[in-house]
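Before any comments, here is the structure.
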Amino acid sequence: MIPKMKVYEELLDTKVVAVIRGNDAEEAAAISEAAIEGGIRVIEVTYTTLGADRVIEQLAGTDALIDAGTVLDAETARHALLAGSKFIVSPHFDPDVAKVCNRYGVPYLPGCMTIKEMVFANEAGCDILKLFPANGFDPSFIKSVQGPLPHVRIMPTGGINQDNMNSWLQAGAVAVGIGSDLTKTYRASGRDAVVESARNYMNSIQA
């Protein structure tokens, strides 16, 4: 098990999380591997994908940081951890999921939209909160939140792309979650196009 702080360090250093929603395990693995080849080092395999645990196990042999997304309950969280997930991401905050993650010493990044949700999640030991869906907000929202909650770290996900990614990071986001672009690219143009798209994302971050 990677130490919790090491996971945070890798996430904050990479800044881009590829959120992969495949029609099946084979598609999700192919998109994930192409994203890794393109330079994205954090891959989120969502549990809306049939066979998500098999994808996590398969990707565990790479040098990327693999997490489980769309985790809705404690049972799924434990299932994902046993498959090799290094942290857990949810579209909402669930205290039972937080308890499981704290028990095993892994980060839990829940989705939050309001100050109240963020306070509850932070008090439960969540150090980074996922603003989801981010396409309902403006990057200036982060500054507004950090007025009353200056210690909160936010990772916007949902509607993030190459055009607005850096605006969110410049506004104070510690990382961003991307994904629909990669999936659409794979289905329209194939694996090599995903590799190129991932490279473009990482080059944009570095620039």
Side-chain angles (χ1 to χ4, degrees), residues 1-20 28 31-46 55-56 58-71 80-81 83-90 101-102 104-112 118 121-122 125-132 134 139 141-143 145-146 149-182 194-207:
M1 183 71 69
I2 299 177
K4 190 174 184 178
M5 293 311 298
K6 180 64 176 176
V7 172
Y8 282 132
E9 287 174 7
E10 291 190 31
L11 177 58
L12 296 177
D13 182 60
T14 300
K15 298 190 185 307
V16 175
V17 179
V19 182
I20 308 300
I31 299 171
S32 299
E33 290 169 349
I36 293 170
E37 184 175 333
I40 295 179
R41 305 256 68 83
V42 184
I43 304 294
E44 178 177 319
V45 181
T46 65
V55 182
I56 293 171
Q58 180 175 334
L59 298 176
T62 70
D63 61 354
L65 187 67
I66 311 302
D67 77 89
T70 320
V71 174
L81 294 176
S85 176
K86 297 303 184 289
F87 63 98
I88 300 296
V89 182
S90 298
C101 290
N102 285 332
Y104 291 102
V106 300
Y108 174 40
L109 281 63
C112 299
M118 292 178 183
N122 197 241
C126 304
D127 297 301
I128 297 177
L129 309 180
K130 181 175 78 166
L131 177 62
F132 178 81
F141 179 74
I142 292 180
K143 184 177 180 180
V145 168
Q146 290 181 332
L149 303 176
H151 55 288
V152 166
R153 296 181 177 183
I154 294 176
M155 181 182 77
T157 304
I160 305 299
N161 53 48
Q162 289 187 53
D163 294 329
N164 62 19
M165 173 179 64
N166 283 318
S167 294
W168 280 101
L169 292 170
Q170 290 163 7
V174 296
V176 295
I178 59 119
S180 58
D181 276 1
L182 299 180
V194 176
V195 175
E196 183 63 25
S197 179
R199 286 196 184 118
N200 290 336
Y201 268 105
M202 299 313 298
N203 288 337
S204 295
I205 289 289
Q206 292 168 6

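It should be emphasised that the depicted structure is a prediction, and the values quoted were computed from it without experimental measurement.
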pair [X]-[Y]: side-chain heavy atoms closer than 4.5 Å:
| X | Y | answer |
| --- | --- | --- |
| I20 | T46 | no |
| V19 | I43 | no |
| T14 | M202 | yes |
| Y108 | N102 | no |
| V176 | K15 | no |
| V45 | I66 | yes |

Report yes or no: does [X] contribute a side-chain atom to a donor-acceptor pair with the main-chain N or O of [Y] at less than 3.5 Å?
| X | Y | result |
| --- | --- | --- |
| K6 | P3 | no |
| N203 | R199 | yes |
| S204 | Q162 | no |
| S85 | A68 | yes |

(request) Could you check M155 against L131 for side chain to side chain contact (heavy atoms under 4.5 Å, CB included), going step by step and ending with a plain yes or no? (result) CA-CA 6 Å; M155 181 182 77; L131 177 62; over 6 Å; no
Contacts of R153 meeting salt bridge (Lys or Arg N to Asp or Glu O under 4.0 Å) (sequence neighbours excluded), chain-then-number -> none
Pair I40, V17 - check side chain to side chain contact (heavy atoms under 4.5 Å, CB included), show working. CA-CA 7 Å; I40 295 179; V17 179; over 6 Å; no
query = side chain to side chain contact (heavy atoms under 4.5 Å, CB included) between C112 and K130: does it pass, once the steps are laid out?
reply = CA-CA 6 Å; C112 299; K130 181 175 78 166; over 6 Å; no
Where [X] and [Y] come nearest, the two heavy atoms and their spacing:
| X | Y | result |
| --- | --- | --- |
| A134 | I160 | CB-CD1, 4.1 Å |
| V152 | I154 | CG1-CG1, 3.7 Å |
| K86 | P107 | O-CD, 3.7 Å |
| I56 | A83 | CG2-O, 3.6 Å |
| L182 | A198 | CD2-N, 4.3 Å |
| A35 | V194 | N-CG1, 4.0 Å |

Output, in order, the C-alpha distance, side-chain angles, deciding distance and verdict of side chain to side chain contact (heavy atoms under 4.5 Å, CB included) for I205 and L169. CA-CA 9 Å; I205 289 289; L169 292 170; 3.1 Å; yes
Atom pair [atom1] ([X]) and [atom2] ([Y]), whose distance is rounded to the nearest 0.5 Å:
| X | Y | atom1 | atom2 | result |
| --- | --- | --- | --- | --- |
| N122 | D127 | CG | CG | 7.0 Å |
| E10 | L65 | CD | CG | 5.0 Å |
| D67 | I88 | CG | CD1 | 7.5 Å |
| E44 | S32 | CD | OG | 10.5 Å |
| I36 | L59 | CD1 | CG | 5.0 Å |

**Request:** Before accepting this row, confirm whether a basic side-chain N of the pair R41/D13 lies closer than 4.0 Å to the acidic partner's carboxylate O.
**Result:** no
query: Does the side chain of Y201 pick up a donor-acceptor pair with the side chain of D181 at under 3.5 Å?
result: yes
Checking V71, L81, L109 against F87 for side-chain contact (heavy atoms from CB on, under 4.5 Å), the one that qualifies is L109
